[in-house]
Amino acid sequence: MSRLHARVGTLRQLEILLAVHEAGTVTGAAERLHLTQPTVSMQLRKLVDAMGMPLYQQQGRKLRFTDAGLAAVASARRVMEEFEHLDMTLADLRGLKAGTLRLAVVTTAKYFVPHLLGPFCAKYPGVDVSFHVGNREQIIERLEQGLDDFCVFSHVPGGRPLISSAFLDNPLVAIAAEHHPLSRRAHLTLDDIANEPFLMREPGSGTRHAIEHYLQQQGKQLNVKMTVESNEAIRHSVMAGLGISILSAHTLNLGGWVGLSPLKVAGLPIVTQWHLVRPAGKKLSIVAQAFQQFMANEGRAVLADFVEDAGRFVAAPEACIQ
């Protein structure tokens with residue numbers, strides 16, 4: 001046993017440290033762990049005393065972790081992961097699949113990933129799911145920290161060793177309000193929509209990246225009038241006549257077309273793919289392995305019914321201008 005191990009208190013203190021790091025505040029960590037704020041503060045003080053170095057500094061309402069604090073967080077995460085792996089291994093030896101599957105998805109993926117999780121959890125009722133939804137930058141940060149078993153992106157981040165597998169087409173379709181003049185035209189080009197007020201997702205969005213990459217290839221520009229940070233807000237803004245947009249067809253399934261009309265633009269949809277992504281060096285838990293196998297063997301079939309409405313946009317682009 002190392003001297004530090006002898007000084008550092010309980011696993012509960014490490015769990016509290018991780019919660020404080022993720023929440024950014026003592027209050028937020030207390031809420032997540034269903035503890036009182038004084039209890040969290042006391043356990044943190046004990047941990048800081050045991051480490052013999054400051055682990056964080058107060059900056060306004062947020063905590064900024066020191067290098068020592070970040071090192072402690074990384075080690076605490078590995079310790080807790082090892083206990084989770086042990087728990088899952090013991091469950092597997094008993095002939096069960098039990099534990100927690102951790103998924104983080106960019107906002108657009110929230111429309112279809114639950115339709116995968118339902119059948120997976122029905123197959124493995126002993127599995128719990130931690131399901132985190134965020135913008136692209138937030139999910140990249142979680143990926144870099146190794147917080148999840150898998151992340152879902154439409155555009156795989158670069159600059160780091162990753163393992164990714166494509167599992168679903170992601171057609172990006174042009175939309176307008178149902179009574180928009182362009183919605184009544186059967187043959188449109190990019191030039192026809194170039195001067196219309198256009199509603200674009202925020203910088204860093206996978207949807208925006210795909211649109212800008214496609215426009216660059218075509219040598220075209222759109223008349224961007226608004227930058228909007230959510231698919232729902234774009235849908236309602238388009239319905240209100242504020243402009244046209246291009247969104248993933250998956251955001252429009254299950255009634256999302258109400259008040260909207262697809263624009264039949266030559267060359268559209270822009271078809272990208274959804275990817276299941278994980279850090280190359282991260283060890284897969286037994287539950288994560290089961291989910292990976294489920295995706296390989298059953299995932300596409302599970303999604304087939306859900307994407308049926310979007311499927312009519314995925315075929316050849318010329319299908320949109322018939």
Side-chain angles (χ1 to χ4, degrees), residues 106-109 111 135-137 139-140 152-159 164 166 168-253 256-257 259-275 307 309-322:
V106 294
T107 51
T108 303
Y111 295 97
N135 62 35
R136 181 177 171 83
E137 292 180 358
I139 303 305
I140 288 177
V152 176
F153 293 96
S154 61
H155 173 62
V156 179
S164 68
L168 181 67
D169 285 337
N170 180 33
L172 306 180
V173 300
I175 59 171
E178 60 183 351
H179 300 303
H180 193 285
L182 292 183
S183 67
R184 295 190 291 272
R185 292 178 56 180
H187 303 280
L188 294 170
T189 67
L190 286 176
D191 289 332
D192 291 323
I193 68 173
N195 293 323
E196 293 290 327
F198 190 85
L199 312 181
M200 182 72 88
R201 283 294 304 268
E202 75 282 4
S205 159
T207 298
R208 180 171 181 145
H209 178 274
I211 294 171
E212 291 179 338
H213 179 69
Y214 178 74
L215 292 174
Q216 186 178 24
Q217 288 180 324
Q218 302 301 315
K220 304 292 184 180
Q221 286 187 331
L222 296 176
N223 179 27
V224 177
K225 286 297 186 181
M226 289 178 60
T227 299
V228 187
E229 294 188 356
S230 81
N231 295 314
E232 288 86 353
I234 285 182
R235 284 178 48 231
H236 286 281
S237 296
V238 171
M239 290 168 59
L242 294 175
I244 64 173
S245 191
I246 296 176
L247 287 180
S248 169
H250 299 311
T251 69
L252 303 166
N253 283 343
W257 281 104
L260 301 173
S261 177
L263 297 180
K264 305 176 181 69
V265 182
L268 297 186
I270 305 167
V271 180
T272 61
Q273 289 186 308
W274 289 108
H275 299 262
V307 302
D309 288 341
R312 57 196 172 109
F313 298 102
V314 180
E318 56 268 21
C320 292
I321 57 172
Q322 292 176 350

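We number each residue from 1, following the sequence as shown. The figures here come from the full heavy-atom set of this structure, side chains too, leaving out hydrogens, waters and symmetry mates. Since the model is a prediction, treat every value here as computed from it, not as a measurement.
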Ile193 CD1 to Ile244 CD1 distance, which is reported to the nearest 0.5 Å: 4.5 Å
Side chain to side chain contact (heavy atoms under 4.5 Å, CB included), paired with Tyr214, selected from Val271, Ile246, Leu190: Leu190
His236: side chain to side chain donor-acceptor pair (under 3.5 Å) partners, not counting sequence neighbours: none
Close side-chain approach of Pro157 to Ile139, heavy-atom, < 4.5 Å: no
Non-neighbouring partners of Ala233 that pass side chain to side chain contact (heavy atoms under 4.5 Å, CB included), sequence neighbours left out: Val228, Ser230
Straight-line distance of Phe198 CZ to Thr227 OG1, nearest 0.5 Å: 10.5 Å
From CH2 (Trp257) to CE (Met239), nearest 0.5 Å: 12.5 Å
Parallel, tilted or perpendicular, as decided by the 30° and 60° cut-offs, for the rings of Trp274 and His250: tilted
Spacing of CG belonging to Leu242 relative to CD1 belonging to Ile234, to within rounding of 0.5 Å: 11.5 Å
Sub-4.5 Å side-chain heavy-atom contact between Tyr111 and Asn231: yes
Pairing residues for Thr272 by the side chain to side chain donor-acceptor pair (under 3.5 Å) criterion, not counting sequence neighbours: Asn170
Pairwise salt bridge (charged side-chain N to carboxylate O under 4.0 Å, His left out) hits with a residue in residues 198-211, at least two apart: Arg208-Glu212
Test ring-ring contact (aromatic ring centres under 6.0 Å, His included) applied to His180 - qualifying residues, sequence neighbours left out: none
Salt bridge (charged side-chain N to carboxylate O under 4.0 Å, His left out): pairs with one or both residues in residues 185-195, sequence neighbours excluded: Arg185-Asp192, Asp191-Lys220
Residues that Gln216 engages under side chain to side chain donor-acceptor pair (under 3.5 Å), provided they are two or more places apart: none
Which atom of Pro171 lies closest to which atom of Pro269, heavy atoms considered: CB-CB, 4.1 Å
By ring-ring contact (aromatic ring centres under 6.0 Å, His included) - contacts of His179 (at least two apart): none
Residues in side chain to side chain contact (heavy atoms under 4.5 Å, CB included) contact with Val156, at least two apart in sequence or another chain: Leu162, Ser164, His275, Val277
Min side-chain heavy-atom separation Glu196-Asn223 under 4.5 Å: no
Close side-chain approach of His213 to His155, heavy-atom, < 4.5 Å: no
Which residues share a side chain to side chain donor-acceptor pair (under 3.5 Å) with Ser154, sequence neighbours left out: none
Salt bridge (charged side-chain N to carboxylate O under 4.0 Å, His left out) pairs, two or more places apart, involving residues 172-181: none
Heavy-atom neighbours of Glu232 CD exceed 12 at 6.0 Å: yes
Side-chain heavy atoms of Glu229 within contact of Asn135, under 4.5 Å: no
Atom of Leu199, atom of Ser237 and distance for their closest heavy-atom approach: CD1-CB, 3.4 Å
